[in-house]
There are 2 protein chains.
Amino acid sequence: MTVSGTRTAAPTLDEVALRAGVSRATVSRVVNDSPRVSAEAREAVQAAVAELRYVPNRMARSLVTRRTDTIALVLSEPDTQVFSDPFFASIVRGLSRALAETDLNLVLLTARDAREQEKIGRYARRGHVDGVILMSLHREDQLPEVLAAAGVPLVLCGRPFDGRPVAYVDADNVGGGRVATEFLIAQGRRRIATVTGPQDMIAGVDRFQGHRAALEQAGRRLEPGLVAHGDFTEAGGARAMAELLDREPGLDAVFVASDPMAVGALRTLQAAGRTVPGDVAVVGFDDAAVAQTCDPPLTTMAQPLDEMTPLMTELLLQQIDGGPQADSRVCATHLVRRASA
Amino acid sequence: MTVSGTRTAAPTLDEVALRAGVSRATVSRVVNDSPRVSAEAREAVQAAVAELRYVPNRMARSLVTRRTDTIALVLSEPDTQVFSDPFFASIVRGLSRALAETDLNLVLLTARDAREQEKIGRYARRGHVDGVILMSLHREDQLPEVLAAAGVPLVLCGRPFDGRPVAYVDADNVGGGRVATEFLIAQGRRRIATVTGPQDMIAGVDRFQGHRAALEQAGRRLEPGLVAHGDFTEAGGARAMAELLDREPGLDAVFVASDPMAVGALRTLQAAGRTVPGDVAVVGFDDAAVAQTCDPPLTTMAQPLDEMTPLMTELLLQQIDGGPQADSRVCATHLVRRASA
DNA sequence: GCCGAATGTGGAAGCGCTTCCACGAATGTC
DNA sequence: GACATTCGTGGAAGCGCTTCCACATTCGGC
């Protein structure tokens with residue numbers, strides 16, 4: 001260890017081999033847990049590895065194994081406020097936790113525009129990553145095609161728009177939207193509005209779809225006046241709620257397709273002098289942390305992220321290992337009752 | 001392109017060389033923009049590259065150049081809610097934008113505990129990354145030492161606790177705390193409280209320090225009863241504010257060391273029937289997006305993240321290229337007046 | 001018109017690793 | 001006790017790339 005910042009010369013396989021009194025090949029076998037090694041050899045190597053503080057050079061290894069032990073989380077989003085979305089935060093956290101078990105690393109990539117998507121396509125081809133998890137996908141995004149064509153193992157976070165055979169993990173958003181709305185109906189609410197998510201994202205579409213289905217099943221019709229579109233952000237929710245209040249002052253419930261939006265809606269409602277849940281019942285979606293701390297605490301649909309993120313990595317890993325390409329899972333959502341409805 | 005997901009065999013340097021009718025060495029020169037290549041050779045190679053859709057194999061290149069074109073953003077944090085912190089989100093966004101210009105990639109790593117910090121140390125040694133940006137550092141963290149000892153180029157987001165010579169980029173947190181408090185004093189507020197950040201993080205310490213300095217300069221004393229410690233989260237801010245209100249019902253202003261905490265404080269204040277800014281003036285810190293949307297919009301200290309993230313990458317790149325090891329920058333903060341004070 | 005310098009190019013070495021292959025030793029089988 | 005197997009090991013090739021070195025060329029200066 002030198003005084004200046006010079007990187008200490010890293011030991012190589014040969015040095016370990018020399019010290020352990022075996023060949024490079026044997027060291028490699030030990031390091032890679034090959035069974036074809038005698039106990040003594042193994043111990044000698046392990047001792048040498050420990051003494052030398054040997055760490056394999058990942059580049060050299062990747063060059064021959066064609067594996068990088070790196071997977072990419074790609075955000076198809078014009079980066080504005082995605083990062084602040086608690087849903088994104090949960091995914092990253094869950095993924096990084098699931099990956100901590102393995103020795104895979106998580107590369108975060110954002111694709112602001114077509115040019116960047118192209119850059120990511122290039123990056124993913126040629127084995128710079130072993131696989132990709134794609135989230136925050138929009139209807140027109142070409143990335144799944146590009147990646148699939150390049151043969152890059154791929155798992156989508158959220159089902160694809162078309163029925164294309166690709167692996168994905170999703171929450172049951174349709175079911176969630178339905179349950180939330182049914183709950184509002186069961187409460188005896190008469191004029192139930194909704195703030196949807198963006199309609200170019202599948203979660204936005206599906207939750208809205210579930211809402212409509214519940215309404216129709218109860219013999220009601222979806223009234224256009226009771227629908228406003230948001231963008232999954234708090235500000236967007238506040239705006240949409242204002243729109244709704246403007247058009248339909250008599251509404252007495254609202255299903256909001258994400259918690260951040262619901263928080264925004266809450267604020268608008270309170271600013272307009274409505275009590276929650278007295279005048280207006282509010283049900284959100286996500287069960288984000290903020291749902292517990294906002295005022296009143298939010299009744300919301302929980303999606304089992306704890307289940308979903310390990311599933312994504314599992315599906316991806318399995319695919320990397322040559323498993324099925326289009327295995328998918330849909331996870332159940334459930335209602336978490338708090339004070340807003 | 002085969003029908004199944006088989007990765008199309010990627011062209012290598014040799015194939016390009018063959019097609020262009022030159023040697024491997026020449027192709028490499030063209031790809032790496034070496035000037036020592038004739039115009040014809042360059043054109044021939046470029047044509048071949050385009051036809052073959054050649055992309056260099058990064059692993060092979062890294063093996064010889066000792067560069068990975070990857071930098072790591074390391075979060076030294078028991079991952080709980082860091083990701084939801086808008087400050088973190090802004091840093092990631094800024095960094096990934098700054099890096100988009102180059103062809104560097106951002107690896108996100110979290111170090112939940114000592115074991116993981118060790119893992120990261122191993123990862124960073126042996127050139128798996130060209131450099132590290134370390135954020136969310138706590139007083140006892142060993143990571144800077146480990147990394148510095150390994151000779152890994154390093155830039156801290158926030159100054160180190162001791163005066164150790166290491167590159168960092170920080171906001172002028174002391175100055176910010178002072179300005180915020182002076183502003184409250186100038187308003188004629190008599191009993192000014194503070195909700196601090198965690199005191200094992202430098203930003204928490206410095207902002208508190210600035211607060212105290214302003215008080216003393218105005219001939220006042222820091223009263224322990226007017227100080228509560230938070231953890232930079234909204235829930236923590238709400239809790240601390242409740243504590244404060246409990247101890248000092250007569251307070252008429254509070255400097256809160258982060259915007260998420262300020263939002264929590266706002267909620268507590270309103271729940272306690274205090275008007276803001278009528279009864280209690282509130283000044284936050286960060287100028288996060290939420291500062292504009294909360295009610296009332298938050299008067300807060302802005303730190304110039306737009307300046308800071310490019311600076312971090314610049315400092316790191318410069319260090320990677322063999323530049324100075326301990327160059328640092330402190331960026332000015334400024335007050336953003338909104339409605340809460 | 002000759003010599004040294006500048007210039008473009010190809011050959012070849014080697015980055016650190018995995019893995020195929022061959023080989024000798026140990027084991028099992030009749 | 002002779003043979004076929006298995007097992008552990010080392011040698012060596014080679015992953016795709018960069019770069020040093022040597023070798024033509026071409027050029028300008030006298």
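In this text, all values refer to a predicted model and were calculated from it rather than measured experimentally.
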If we count only N and O atoms by modelled type, under 3.5 Å, do the side chains of B:Asn105 and B:Thr70 hold a donor and an acceptor together? no
Check the distance between D:dC17's C1' and B:Arg67's CZ and give it to me in whole angstrom. 16 Å
Would you mind building the protein contact string for nucleotides 18-24 of chain D? One character per nucleotide, 5' to 3', B for base within reach (heavy atoms under 4.0 Å), S for sugar-phosphate only, - for untouched. BBB----
Has B:Ser34 got a side-chain atom pairing as donor or acceptor with B:Val30's backbone, closer than 3.5 angstrom? no
Would you kindly give the CZ-to-C1' distance between A:Arg42 and D:dT9, to the nearest whole Å? 13 Å
Counting only side-chain nitrogens and oxygens, does A:Ser62 get under 4.0 Å of the OP1 or OP2 atom of C:dC17? no
Rounded distance in Å - CD (B:Glu40) to C1' (D:dT26): 13 Å
Just by distance, do the side chain of A:Glu140 and the backbone of A:His138 share a donor-acceptor pair under 3.5 Å? no
Say whether, by atom type as modelled, one donor and one acceptor occur between the side chain of A:Asp141 and the main chain of A:Leu137 under 3.5 angstrom. no
Rounded to whole angstroms, how far apart are CG on B:Asp14 and C1' on D:dC15? 11 Å
Can you figure out which of D:dC15, C:dT9, C:dG16 approaches the side chain of A:Arg66 most closely? D:dC15
I need the single residue from A:Val155, A:Asp170, A:Leu311 that forms a side chain to side chain contact (heavy atoms under 4.5 Å, CB included) with A:Arg329. Which is it? A:Leu311
Length of the CG-C1' vector between A:Leu63 and D:dC15, whole Å: 4 Å
Do side-chain atoms of A:Asp200 reach the backbone of A:Arg139 as a donor and acceptor pair under 3.5 angstrom? no
Distance, rounded to the nearest Å, where A:Leu18 contributes CG and D:dG10 contributes C1': 14 Å
For atom CZ of A:Arg36 and atom P of D:dG8, their distance in whole Å: 6 Å
